[in-house]
Protein chains: 2
Amino acid sequence: MLTQTEENYLKALFTLTETEEGKTEAGTNELAAVLNVKPATANDMLKKLKEKKLISYEKYGKISLMAAGRKLAVEIVRKHRLWETFLYEKLEFTWDEVHEVAEQLEHIHSPKLIEKLEKFLDYPQLDPHGDVIPNAKGEMKMPVRKTLAQLPVGKTCKLVAVKDNSASFLQYVVQVGLGLSSKIKVVTRQSFDGSLEIEVNGRRSSVSQKFAENLYVV
Amino acid sequence: MLTQTEENYLKALFTLTETEEGKTEAGTNELAAVLNVKPATANDMLKKLKEKKLISYEKYGKISLMAAGRKLAVEIVRKHRLWETFLYEKLEFTWDEVHEVAEQLEHIHSPKLIEKLEKFLDYPQLDPHGDVIPNAKGEMKMPVRKTLAQLPVGKTCKLVAVKDNSASFLQYVVQVGLGLSSKIKVVTRQSFDGSLEIEVNGRRSSVSQKFAENLYVV
DNA sequence: AAATATTGTTAGACTAGTCTAACTTATTAT
DNA sequence: ATAATAAGTTAGACTAGTCTAACAATATTT
């Protein structure tokens, strides 16, 4: 069985190599940065994970997950997102509070617990941030997602997810009056810089293109 | 903040010094035994916990919890019992399955999580084994508890807790047709050895005095 | 009270995970 | 194509938690 630390490395590699489109490899420094450790530390762990045949990696080369490693990583992501859903839906946690606690809960080992939790939550498809929850087989059906930046002027849409899950971004989102399932209307778009004027619950705000690109809508 | 290991030592000391009536101290070997480590290991940790002023302990002397250590221990017991209640009541875990998973969940650090979980469970007083759940202030109101062995012949009672929480005992309990809240009628008692004939859901069984002493009833 | 048994302690070693500091390889820019 | 920069690696050290083996103190038995 893996240690929590090993699990964290696999999860980080998963998000690093599968979140950004087309990317399938990561580097030592990059990995160390997201895990808040020094490159030397990450390097040691990479050797260990290679030894266990969970990643493929050669000295001075790029890192990628092997099938067994990816499977374990997906399992951890699944647990993380199910716990986030539990905290949000059953325990009244807010959007930006769930992540930190789920970081701990994702390391609880008990297949039965996750099965039962998923059932209790009635087999949710998306977590509170709108990210896909892998099913028990490790499959993630990726919905095609559109960002607010792509929506034509005049149209109304519903917020289903955010791309950036940092607490600072989430707090900004809340500040603009947005939450999951909020209705958003695009009032105007500046062709100069792509910034938008939007309307949420009758309240108008002006947001940058970058902001709009971080909001997934349907 | 304490490590999981430190938390486990405090919890073990708590159960060792407060579960048995009148006992307020423990020894190194005894502690090591319940934690499944060698006495040498426990000895190292005792020095560390003493350093942190969580226990009182002198070389070759007995061990007892100091106020700060006891408070932390109670907090862990509280978390353990709330999680057991959650697993049993919400996730359909059985009586004998909850403990193992709760051993992991009790180490999640988040005051808000425990507050909300307690509220979600509607402030339960007893866990699935009938043990008292300490409240947020760390108070445990100990109910006076009667065992089945003390019940007069002819009386009917309800099972609220068991003294021995070992999986083997719990499985035996289930075998006799008993569960939490089961109604039990004492049909006969042998004055020779204190053994009882009991009736549960119309089904009669004969049980030893020792068995009956491990069942708390109201 | 001496012998024996139990209980507790110490010293030294090991693993996992981390660090710093020095070094090597690869990439980029002039 | 060489110098500068970035990325990656190694060696050695540290902490936490564990072990074994040897030793010391305390308790028990005869």
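Residue numbers start from 1 in every chain, and the chains themselves are labelled A, B, ... in the order their sequence lines are given, proteins ahead of strands.
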Which nucleotide wins on minimum distance to the side chain of A/Tyr57, given the candidates C/dT9, D/dG8, D/dT9? D/dT9
C/dT9 C1' sits how many Å from B/Ile63 CD1, rounded? 13 Å
Pairing donors with acceptors under 3.5 angstrom, does anything connect the side chains of A/His99 and A/His129? no
Any side-chain N or O of B/Lys47 under 4.0 Å from OP1/OP2 of C/dT9? no
How many whole angstroms separate atom NZ of B/Lys59 from atom C1' of D/dC23? 12 Å
Electrostatic pair B/Arg81-B/Glu106, nearest N-O below 4.0 angstrom: no
Specify the separation, in whole Å, of atom CE of B/Met45 and atom C1' of D/dT15. 12 Å
What are the residues of residues 32-44 of chain B, sorted by number, that bring a heavy atom to within less than 4.0 Å of DNA chain C? B/Pro39, B/Ala40, B/Asn43
Identify whether the distance between the nearest side-chain nitrogen and carboxylate oxygen of A/Glu97 and B/Lys112 falls below 4.0 Å. yes
Quick one: list whatever passes salt bridge (Lys or Arg N to Asp or Glu O under 4.0 Å) with B/Asp96, sequence neighbours left out. none
Sequence neighbours excluded, which residues qualify as ring pair (Phe, Tyr, Trp, His ring centres under 6.0 Å) partners of B/Tyr172? B/Phe211
Whole Å only: how far is the CG atom of A/Leu16 from the P atom of D/dA7? 13 Å
Please report the distance, rounded to the nearest Å, between CG in A/Leu31 and P in D/dG8. 10 Å
Is it true that the side chains of A/Tyr57 and A/Asn43 contain a donor and an acceptor less than 3.5 Å apart? yes
For B/Lys62 and C/dT7, give me the distance from atom NZ to atom P, rounded to whole Å. 8 Å
Could you check whether A/Lys23 pairs with A/Glu30 (Lys NZ or Arg NE/NH1/NH2 to Asp/Glu carboxylate O, under 4.0 Å)? yes
Any idea which of C/dT9, D/dA7, D/dT9 is nearest the B/Thr28 side chain? C/dT9
I want to check one thing: is the phosphate of C/dT6, taken as OP1 and OP2, less than 4.0 Å away from some side-chain N or O of B/Tyr60? no
Write down the distance between CD (A/Glu6) and P (C/dT18), rounded to a whole number of angstrom. 10 Å
Between C/dT25 (P) and A/Glu58 (CD): distance, integer Å: 16 Å
